[in-house]
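In this text the structure is predicted, and so the values were computed from the model without any measurement. All heavy atoms count here, side chains included; hydrogens, waters and symmetry mates do not.
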Amino acid sequence: MNPTPTDRDRRIDPRAMALSDALQLVGRLMIAPLYLLSGFAKLSAPDQMLAYIDAAALPFPAVALGVAILVELIGGALLVVGYKVRAVAAIMALFTLATAIIFHNQLADQTQFLFFFKNIAIIGGLLQLVALGGGRWSIDNI
């Protein structure tokens, strides 16, 4: 029989639990600025971003830009405070995968190759948040 989470928690060293809680917070706080800064950059130079989106031949570039800004700013902020972390991280992982496929698909170009796999690494961090949640130091745990 599998132990309940409460039983499992009783067997874990409190120092290890405190470290895990701190690392979950630090992890969220280290991923979030990437999205927040990117969202603010899109807000500050929408014409450049629209041209970039248009060059990728996406339909409705203005809608795509709006979605990107919303995902990055709202998602980044929610990661910081730890609200609905699993759902937010899942949405952001899908968004990041889409951007990798759409904007960084020229893998013969070394820069695009690196950007593509940088996105894949970020998705890995987001999937850890999906799996583990926001941790004890998040709004989800209040």
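- Considering only residues two or more places apart in sequence or on other chains, Q106 meets the side-chain hydrogen bond (donor to acceptor under 3.5 Å, both in side chains) condition with none of them.
- Linking ILVMFWY side-chain heavy atoms closer than 4.5 Å, directly or via other members, places L58 and M49 in a single hydrophobic cluster.
- Residue I53 is not grouped with residue L97 when hydrophobic side chains (ILVMFWY) are merged at heavy-atom distances under 4.5 angstrom, including chains of intermediate members.
- Shortest non-hydrogen contact noted between V80 and A32 is CG2-CB, 3.5 Å.
- In terms of the side-chain hydrogen bond (donor to acceptor under 3.5 Å, both in side chains) criterion, residue partners of R136 (sequence neighbours excluded) are, by chain and number, D21.
- Among pairs with a residue in residues 82-98, those fulfilling side-chain hydrogen bond (donor to acceptor under 3.5 Å, both in side chains) read Y35-T96, at least two apart in sequence or across chains.
- Grouping the Ile, Leu, Val, Met, Phe, Trp and Tyr side chains by contacts below 4.5 angstrom, directly or via other members, places V130 apart from M92.
- Partners of N119 under the side-chain hydrogen bond (donor to acceptor under 3.5 Å, both in side chains) rule, at least two apart in sequence or in another chain, are T99.
- Cluster membership for I122 and F95, using ILVMFWY side-chain heavy atoms within less than 4.5 angstrom, is shared.
- Here R28 contributes atom CZ and L132 contributes atom CG; the two are 11.5 Å apart, rounded to the nearest 0.5 Å.
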Pair up each side-chain donor or acceptor in residues 66-79 with any protein partner under 3.5 Å, not counting sequence neighbours, and list the distances.
| unit_1 | atom_1 | unit_2 | atom_2 | d |
| --- | --- | --- | --- | --- |
| E72 | OE1 | S38 | OG | 3.1 |
| E72 | OE1 | G39 | N | 3.1 |
| E72 | OE1 | K42 | NZ | 3.1 |
| E72 | OE2 | S38 | OG | 3.2 |
| E72 | OE2 | K42 | NZ | 3.2 |

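- By the side chain to side chain contact (heavy atoms under 4.5 Å, CB included) test, A56 pairs with I102, F103, sequence neighbours left out.
- Annotation: side chain to side chain contact (heavy atoms under 4.5 Å, CB included) contacts of S44 (sequence neighbours excluded): none.
- Using a 4.5 Å cut-off between side-chain heavy atoms of Ile, Leu, Val, Met, Phe, Trp and Tyr, V26 falls into a hydrophobic cluster with M30.
- With hydrogens and angles disregarded, a donor-acceptor distance shorter than 3.5 Å links the side chain of N105 to the backbone of I101.
- One N or O on the side chain of D140 and one on the backbone of V85 form a donor-acceptor pair closer than 3.5 Å.
- Residues meeting the side chain to side chain contact (heavy atoms under 4.5 Å, CB included) test with L19, sequence neighbours left out: L23.
- Residues I31 and L37 do not share a hydrophobic cluster, clusters being chains of Ile/Leu/Val/Met/Phe/Trp/Tyr side chains in contact below 4.5 Å.
- Not a single side chain to side chain contact (heavy atoms under 4.5 Å, CB included) links A57 to another residue, sequence neighbours left out.
- Applying the side-chain hydrogen bond (donor to acceptor under 3.5 Å, both in side chains) test to every pair with at least one member in residues 46-57, sequence neighbours left out, gives no pairs at all.
- Summarising the hydrophobic clusters (Ile, Leu, Val, Met, Phe, Trp, Tyr; side-chain heavy atoms under 4.5 Å, direct or chained), the residues clustered with I91 are none.
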